[in-house]
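Just below is one structure, and these are the notes that go with it.
The first residue in the sequence is number 1, and the count goes up from there.
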Amino acid sequence: QVQLVESGGGLVQAGGSLRLSCAASVRTFSMYTMGWFRQAPGKEREFVSAISWSGSSTYYADSVKGRFTVSRDNAKYTVCHLQMNSLRPEDTAVYYCAATDRYGSILPTIQYDYDYWGQGTQVTVSS
């Protein structure tokens with residue numbers, strides 16, 4: 001069983017930055033593809049970013065490309081990060097991290113392709 005816990009959310013002004021973290025309680029963390037999703041009020045959950053098990057491949061939604069950076073630390077800590085820069089009010093949402101070990105080097109962008117989810121962390125960007 002994989003447990004994921006997000007942290008790092010908060011309130012920030014437009015143009016600011018936040019760094020989200022996702023801590024995983026699993027020894028085989030390096031076997032899992034990690035994804036980030038977000039859900040704004042009244043909207044469906046949407047894909048934000050994904051990173052391969054090795055960290056060598058990443059993928060971003062067009063809406064965050066060039067502003068967000070996903071990374072992971074397999075060696076020392078079982079943690080995945082999402083660095084969010086140049087934040088906009090439309091980035092306001094609950095952010096979730098997710099994990100799957102079903103797809104090897106493929107980076108899924110559909111929420112149903114992920115098997116484990118964190119509880120979410122709120123990110124609010126004021127204008």
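Note on residues 102-127: pairs passing ring pair (Phe, Tyr, Trp, His ring centres under 6.0 Å), not counting sequence neighbours, are F37-Y114, F37-W117. For residues 8-28, the pairs satisfying side chain to side chain donor-acceptor pair (under 3.5 Å) are S17-N85, R19-H81, S21-H81, with sequence neighbours left out.
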| Between S57 and L107, is a side chain to side chain contact (heavy atoms under 4.5 Å, CB included) present by the stated rule, with each step listed? | CA-CA 8 Å; S57 297; L107 302 180; 4.1 Å; yes
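No side-chain heavy atom of S52 sits less than 4.5 Å from a side-chain heavy atom of T58. Annotation: side chain of L87 is in contact with side chain of L18 (closest heavy-atom distance under 4.5 Å). For the pair L82/V48, a side-chain contact is recorded, criterion being any heavy-atom separation below 4.5 Å from C-beta on. Taking 4.5 Å as the limit, some side-chain heavy atom of E46 sits within range of a side-chain heavy atom of R38. L4 is listed as a side-chain neighbour of V2, based on a closest heavy-atom distance under 4.5 Å. Residues V26 and Q3 form no side-chain contact, since every pair of their non-hydrogen atoms from C-beta on lies 4.5 Å or further apart. Under the 4.5 Å side-chain criterion, counting only non-hydrogen atoms from C-beta, R67 is not in contact with Y60.
T100 and D113 form no side-chain donor-acceptor contact under 3.5 Å, judged by distance and modelled atom types alone.
A distance of 8.5 Å separates CG in L20 from CD in E6, rounded to the nearest 0.5 Å. Residue S63 holds its OG atom at 9.5 Å from CZ of F47, rounded to the nearest 0.5 Å. Distance CG/D101 to CH2/W53: 13.0 Å, rounded to 0.5 Å. Atom OG of residue S49 and atom CH2 of residue W36 lie 9.5 Å apart, to the nearest 0.5 angstrom. Taking CD1 of I51 as the start and SG of C22 as the end, the distance is 11.5 Å to the nearest 0.5 Å. The CG atom of L11 sits 5.0 Å away from the OG atom of S126 when rounded to the nearest 0.5 Å.
A cation-pi arrangement is present between R72 and F29 under the rule of less than 6.0 angstrom and at most 45 degrees off the ring axis. Relative to the ring axis of Y96, R45 places its NZ or CZ within 45° and under 6.0 Å from the centre.
Between C80 and V70 the shortest heavy-atom distance is SG-CG2, 3.9 Å. Of all non-hydrogen atoms in T92 and A40, the two that sit nearest each other are O-CB, 3.6 Å. Of all the heavy atoms in S30 and N74, the pair that sits closest is CB-ND2, 3.6 Å. Minimum heavy-atom separation, A50 to P108: CB-O, 4.1 Å. In terms of heavy-atom proximity, V123 sits nearest to M84 at CG2-CE, 3.8 Å.
Counted within 6.0 Å of NZ on K43, heavy atoms from surrounding residues, nucleotides or ligands total 12 or fewer; the atom is thus considered open.
By the 4.0 Å N-to-carboxylate-O rule, K65 lies close enough to D62 to be salt-bridged with it.
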